[in-house]
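One structure below.
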There are 2 protein chains.
Amino acid sequence: MARLTSAEGEVLLDEFRRYLRDHGQPVTRPRDRVARVVLRSDEHLSVEQIHQQLVQQGEAVGLATIYRTLELLEKSGLVRAHDFGQGFRRFEPNPGQGSHYHLICLRCGRVEEFQHERLERMLPIIADEHGYEAERHRLELYGTCRDCRRRAFG
Amino acid sequence: MARLTSAEGEVLLDEFRRYLRDHGQPVTRPRDRVARVVLRSDEHLSVEQIHQQLVQQGEAVGLATIYRTLELLEKSGLVRAHDFGQGFRRFEPNPGQGSHYHLICLRCGRVEEFQHERLERMLPIIADEHGYEAERHRLELYGTCRDCRRRAFG
DNA sequence: TTCCCTGCAAAGCATTTGCATCAAA
DNA sequence: TTTGATGCAAATGCTTTGCAGGGAA
């Protein structure tokens with residue numbers, strides 16, 4: 001599911017630094033570390049996973065700071081939060097203008113992404129038909145992934 | 001957004017009673033009251049709203065029992081839970097086989113439903129294309145409803 | 001020195017669980 | 001008497017907030 005190269009993550013990290021500066025917020029080491037982990041990741045990380053990665057890097061950051069930095073990252077538009085009904089949120093780098101959707105395996109919890117241009121064109125039209133001015137949307141398909149089916153049946 | 005007539009709610013309530021009996025579970029008054037509120041509603045109720053309605057009816061039921069009854073209602077397939085990112089879940093009578101989708105107004109929080117046959121046919125196919133055996137899906141469109149736009153602009 | 005970010009600990013919330021009580025068979 | 005549903009209160013888990021301490025300008 002590799003979406004971001006390390007170089008792309010670096011670009012996003014720079015954008016975050018710029019966002020902070022433009023908003024009179026200092027670019028601190030803990031913020032930078034949290035942002036780096038999230039923006040470089042090609043997965044949907046939970047706060048716990050972010051924290052663990054930082055600990056492993058010897059760059060432990062308090063949970064409160066992780067949450068506060070994620071709030072900044074969301075406000076900057078560089079990160080999006082998701083709730084896949086697992087009791088906690090997951091965070092991923094925002095893919096910019098193009099939307100993408102999620103496939104969630106109900107057996108192993110894996111989360112994959114896919115894009116779908118036709119859907120993306122349809123959804124704002126559907127919203128409009130119902131009197132809504134669309135702002136964003138969310139589509140999740142829940143099921144059993146190939147690996148889990150293989151594991152179960154053969 | 002009226003979807004259920006009171007009579008339809010009554011049918012669902014009977015189905016729930018039958019489900020309980022078939023599963024060796026007693027049909028008690030608190031369960032019946034909770035089920036009645038949810039199954040008769042044409043809205044997406046929060047636990048707090050369910051509780052309030054019961055209090056107003058002079059039929060107060062403990063929160064724990066409400067949660068436990070909702071679990072039974074979900075297992076019976078008669079009720080579905082949703083998390084619209086508001087920090088708590090909402091519950092609605094399950095519309096049976098046909099899926100429906102949600103429009104959520106980001107200003108006033110109103111939740112509307114819509115159906116879309118073409119989408120409904122597309123989604124399992126998309127899941128299949130990615131190796132997933134689709135079980136269920138969720139589509140939510142977030143935006144500004146007609147009323148809120150009118151309110152904002154004149 | 002001043003400002004405010006950080007991190008610990010405590011608080012908040014929705015939800016779940018433990019347990020004594022009580023109703024029904 | 002036995003079973004197990006109920007409801008209070010406590011516990012849980014994620015997230016937010018309060019506040020003392022510390023680093024940077």
Side-chain angles (χ1 to χ4, degrees), chain A residues 16-17 19-38 44-55 57-76 79-92 109 111, chain B residues 16-17 19-38 44-55 57-76 79-92 109 111:
Chain A
F16 183 53
R17 294 189 185 115
Y19 172 86
L20 290 175
R21 279 193 296 267
D22 292 351
H23 289 72
Q25 293 275 337
V27 179
T28 65
R29 188 180 180 91
R31 285 176 177 174
D32 214 63
R33 297 296 156 171
V34 173
R36 175 172 306 219
V37 167
V38 180
H44 302 73
L45 299 176
S46 64
V47 167
E48 194 191 329
Q49 289 174 316
I50 296 168
H51 185 249
Q52 282 174 356
Q53 286 202 24
L54 290 168
V55 168
Q57 296 171 16
E59 293 275 356
V61 173
L63 285 176
T65 300
I66 295 178
Y67 278 106
R68 285 187 282 233
T69 305
L70 286 168
E71 199 182 328
L72 290 168
L73 283 163
E74 279 195 75
K75 279 187 189 152
S76 76
V79 162
R80 265 193 81 171
H82 295 279
D83 183 335
F84 296 126
Q86 300 169 316
F88 50 85
R89 285 177 295 169
R90 291 182 175 278
F91 300 84
E92 62 163 350
V111 177
Chain B
F16 183 53
R17 293 189 185 115
Y19 171 86
L20 290 175
R21 279 193 296 269
D22 291 352
H23 290 71
Q25 292 276 337
V27 179
T28 65
R29 187 180 180 92
R31 285 176 177 175
D32 214 64
R33 297 296 155 172
V34 173
R36 174 173 307 221
V37 167
V38 180
H44 302 72
L45 299 176
S46 64
V47 167
E48 195 190 328
Q49 289 175 315
I50 296 167
H51 185 248
Q52 282 175 356
Q53 286 202 25
L54 290 168
V55 169
Q57 296 172 15
E59 293 275 354
V61 174
L63 285 177
T65 300
I66 295 177
Y67 278 106
R68 285 187 282 234
T69 304
L70 285 168
E71 200 182 326
L72 290 168
L73 283 163
E74 280 195 74
K75 281 189 187 150
S76 76
V79 161
R80 267 194 81 171
H82 296 279
D83 184 335
F84 295 127
Q86 300 169 316
F88 51 86
R89 285 177 294 169
R90 292 184 175 277
F91 300 84
E92 62 162 351
V111 178

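Letters A, B, ... are given to chains in the order of the sequence lines, protein chains preceding strands, and every chain is numbered from 1. Values in this document were obtained by computation on a predicted structure and should not be read as measured data.
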Task: Axial bend angle, the helix from dT1(C)-dA25(D) to dA25(C)-dT1(D): five-pair end segments, nearest 10° - done: 0°
TODO: Would you indicate which nucleotide in dC8(C), dT6(D), dA9(D) comes nearest to any side-chain atom of Ala64(A)?
DONE: dC8(C)
Note, [X] side chain near [Y] side chain (heavy atom, < 4.5 Å):
{"X": "Arg89(A)", "Y": "Val47(A)", "result": "no"}
{"X": "Val37(B)", "Y": "Phe91(B)", "result": "no"}
{"X": "Ser76(A)", "Y": "His23(A)", "result": "no"}

Can you tell me how far [atom2] of [N] sits from [atom1] of [X], to the nearest Å?
{"X": "Gln49(A)", "N": "dC14(D)", "atom1": "CD", "atom2": "P", "value": "12 Å"}
{"X": "Leu54(B)", "N": "dG7(D)", "atom1": "CG", "atom2": "P", "value": "10 Å"}
{"X": "Gln25(A)", "N": "dC3(C)", "atom1": "CD", "atom2": "C1'", "value": "12 Å"}
{"X": "Arg89(A)", "N": "dC14(D)", "atom1": "CZ", "atom2": "P", "value": "12 Å"}
{"X": "Arg90(B)", "N": "dT15(C)", "atom1": "CZ", "atom2": "C1'", "value": "16 Å"}
{"X": "Glu48(B)", "N": "dT15(C)", "atom1": "CD", "atom2": "C1'", "value": "14 Å"}
{"X": "Arg31(A)", "N": "dC5(C)", "atom1": "CZ", "atom2": "C1'", "value": "6 Å"}
{"X": "His51(A)", "N": "dG13(D)", "atom1": "NE2", "atom2": "P", "value": "17 Å"}

Which part of the nucleic acid, if any, lies within contact of [X], taking any heavy atom under 4.0 Å across all strands shown: a base, the sugar-phosphate backbone alone, or nothing?
{"X": "Arg68(B)", "answer": "base"}
{"X": "Thr65(A)", "answer": "base"}
{"X": "Phe88(B)", "answer": "sugar-phosphate"}

Task: Side-chain N or O of Tyr67(A) closer than 4.0 Å to phosphate OP1/OP2 of dT16(D) - done: no
TODO: Considering just the side-chain nitrogens and oxygens of Thr28(B), establish if one lies under 4.0 Å of OP1 or OP2 belonging to dT6(D).
DONE: yes
Open item on the list: Is a donor from one side chain sitting under 3.5 angstrom from an acceptor on the other, for Gln52(A) and Glu48(A)?
Closed with: yes
Open item on the list: Quick check: on DNA chain D, is the nucleotide nearest Pro26(B) upstream (toward 5') of the one nearest Leu63(B), or the reverse? Name the residue that is more 5'.
Closed with: Pro26(B)
Task: Residue from Arg80(A), His82(A), Glu92(A) passing side-chain hydrogen bond (donor to acceptor under 3.5 Å, both in side chains) with His44(A) - done: Glu92(A)
TODO: Supply the atom-to-atom distance Leu63(B) CG to Ile50(B) CD1, rounded to the nearest 0.5 angstrom.
DONE: 10.0 Å
Open item on the list: So, taking the atom named CD in Gln86(A) and the one named CG in Asp83(B), what distance separates them when rounded to the nearest 0.5 Å?
Closed with: 11.5 Å
TODO: Check if the side chain of Arg29(A) and the base of dG23(D) share a donor-acceptor pair of N or O atoms closer than 3.5 Å.
DONE: no
